[in-house]
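What follows is a short report on a single structure.
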Amino acid sequence: MALPAPDPARGARRLLDWFAANARELPWRRTRDPYAILVSEVMLQQTRVDTVVPAFLRWMDRFPDIPSLAKAGQEEVLKAWEGLGYYSRALNLQRAARLILEHHGGQLPREDESLLALPGVGRYTAGAVQSLAFDLPREAIDGNVERVLCRLLDLETPAKDRRSQARFRKHIRGMMAENSPRSVSEALMELGALVCLPRNPRCNGCPFEGDCLARQRGTVLDRPVPGKRMPARAIQAVFGILTDGRRIFLQKRPPEGLMANLWEFPGGKLEEGESPRKALRRELFEELGIRSREEEKVGTLRHSYTRFIVTLHVFLVRVEDASGVPAPGKMTGRPSGWFTPLEARGLPMPAANAKIMSRWVEGLESDAEI
DNA sequence: GAAGCGTGGCG
DNA sequence: TCGCCAAGCTT
């Protein structure tokens with residue numbers, strides 16, 4: 001049975017009543033200075049309120065207006081940003097201050113184009129400045145607002161989806177039609193921060209409880225739905241099982257990053273238009289200084305990672321003189337070595353490499369001919 | 001469109 | 001303890 005779609009105007013009244021009674025006292029809510037609003041919004045990008053409050057007070061004390069920020073030294077600006085992270089935000093803010101002096105007579109512009117042209121100001125921050133500082137009917141859709149509206153409207157499309165964003169804008173415009181855009185923006189974000197929480201929403205006492213479609217359908221914890229993952233991309237890669245007739249060659253991955261410290265066969269991804277055999281020769285030369293001539297294709301296997309499906313071309317490469325591999329000067333700082341199948345079995349390897357081991361290397365006695 | 005950019009809080 | 005993630009933007 002179809003539930004009525006939430007009415008923006010009615011919801012807005014309840015939301016604003018709730019906000020009037022429950023809003024936190026935050027320093028940037030005590031001002032309507034567009035510069036101060038901008039500073040707070042940039043600081044709040046991906047950063048928690050508790051972290052921002054003291055930094056905001058410090059910053060406004062040190063750079064109380066656009067001219068003072070514009071003429072400050074870079075060291076000073078970075079120092080004032082200390083602890084907030086994403087330091088390019090600080091430098092962008094100063095560049096923005098200089099642009100505002102140069103092109104807008106020292107006053108923050110209100111138009112989309114001018115705001116979006118400021119470094120560090122994107123769709124969200126522009127809308128936040130427009131609605132919070134200028135009380136213009138523009139949406140400020142951040143992660144909080146997305147969550148609130150995905151639940152209120154019980155959207156089955158991911159929050160970032162165009163269709164979702166269009167619904168958000170329409171609903172927010174409806175709420176702003178007869179209410180202060182400033183209040184609507186602030187209240188939506190505050191609701192997301194205090195009540196409509198990601199994991200433990202406090203639906204009792206939510207001003208939207210009677211309207212919220214997700215609440216009525218029991219789907220609150222399923223909204224927003226996770227973004228649709230990109231279909232796994234197909235990748236071609238090549239591995240070489242180097243053998244001196246008794247042992248195989250393995251190298252250790254770097255100590256940081258993906259599959260850190262695991263042991264793997266030499267090889268790599270195929271380049272554009274490259275054949276597997278050619279890719280193997282290139283990789284062996286680049287990584288180990290080997291000029292291989294007689295690779296024997298032993299098989300192909302497919303392996304799925306989170307984001308791609310790899311087709312692995314596996315070759316056996318016979319090496320005359322194991323002592324020359326890797327060539328001096330290659331593989332600097334990356335452990336590598338020759339191992340019998342028995343020894344290799346004891347080393348940690350990524351799953352795809354382990355598959356190669358079990359399919360083409362293991363099962364042979366350690367002294368058997370490979 | 002994905003990856004990179006920092007930090008602190010939380011389960 | 002540690003992975004996840006929070007008022008995004010840029011390249």
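Sequence lines set the chain letters: A, B, ... in the order given, protein chains first and strands last, and positions in each chain run from 1.
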Return whichever of Y86(A) or N200(A) has its heavy-atom-nearest nucleotide of DNA chain B closer to the 5' end. Y86(A)
Can you tell me if the side-chain N/O atoms of Q45(A) get under 4.0 Å from OP1 or OP2 in dG8(C)? no
From CZ of R95(A) across to C1' of dC9(C) the rounded distance in Å is 12 Å
At under 4.0 Å between heavy atoms, what does T125(A) touch on the DNA or RNA strands: base, sugar-phosphate, or nothing? sugar-phosphate
Can you tell me if E111(A) and S114(A) form a side-chain donor-acceptor pair at under 3.5 Å? yes
Base, sugar-phosphate alone, or nothing: which one does L26(A) contact when heavy atoms must sit under 4.0 Å apart? base
For V42(A), report the nucleic acid contact type (base, sugar-phosphate, nothing); a contact means any heavy atom under 4.0 Å. nothing
Tell me the interatomic distance from N144(A), atom CG, to dC5(C), atom C1', rounded to whole angstroms. 12 Å
Among dG8(C), dA6(C), dG8(B), find the nucleotide with the atom closest to the side chain of D142(A). dG8(C)
Side chain of R89(A): nearest nucleotide among dG6(B), dC5(C), dC9(C)? dG6(B)
Is the terminal nitrogen or CZ of R215(A) (NZ for Lys, CZ for Arg) located under 6.0 angstrom from the six-membered ring centre of F208(A) and within 45° of that ring's axis? no
Minimum-distance nucleotide to Y124(A) side chain [options: dC9(C), dG9(B), dG6(B)]: dC9(C)
Cluster question for you: counting only ILVMFWY and a side-chain heavy-atom cut-off of under 4.5 Å, with indirect links fine, are F265(A) and F339(A) together? yes
Taking for each residue the nucleotide of DNA chain C with the nearest heavy atom, is it G192(A) or V121(A) whose nucleotide lies nearer the 5' end? G192(A)
Any side-chain N or O of Y87(A) under 4.0 Å from OP1/OP2 of dT7(B)? yes
Nucleotide dG4(B), atom P - distance to CD of Q46(A) in whole Å: 15 Å
Taking atom C1' of dG11(B) as reference, at what distance in whole Å does atom CG of L221(A) sit? 15 Å
Please report, rounded to the nearest Å, how far the P atom of dG6(B) is from the CE atom of M43(A). 15 Å
Would you mind reading off the distance between K160(A) atom NZ and dG1(B) atom P, rounded to a whole angstrom? 13 Å
Does W81(A) reach a base, just sugar-phosphate, or nothing at all? Heavy atoms under 4.0 Å. nothing
5′-ward residue of the pair G85(A)/R199(A) relative to DNA chain B: G85(A)
Whole-Å distance, K79(A) NZ to dG6(B) P, equals 17 Å
Evaluate the side-chain proximity of P119(A) to L91(A): yes if any heavy-atom separation is below 4.5 Å, no if none is. no
dT11(C) and dG6(B): how far apart are their P atoms, nearest whole angstrom? 14 Å
Tell me: CG of D50(A) to P of dG6(B), nearest whole Å? 22 Å
Taking L280(A) as the starting point, is it possible to reach V325(A) by hopping between hydrophobic residues whose side chains are less than 4.5 Å apart? yes
What distance separates D65(A) CG from Y35(A) OH, expressed to the nearest 0.5 Å? 7.0 Å
With distance as the sole criterion, do the side chain of T47(A) and the base of dG8(B) form a donor-acceptor contact below 3.5 Å? no
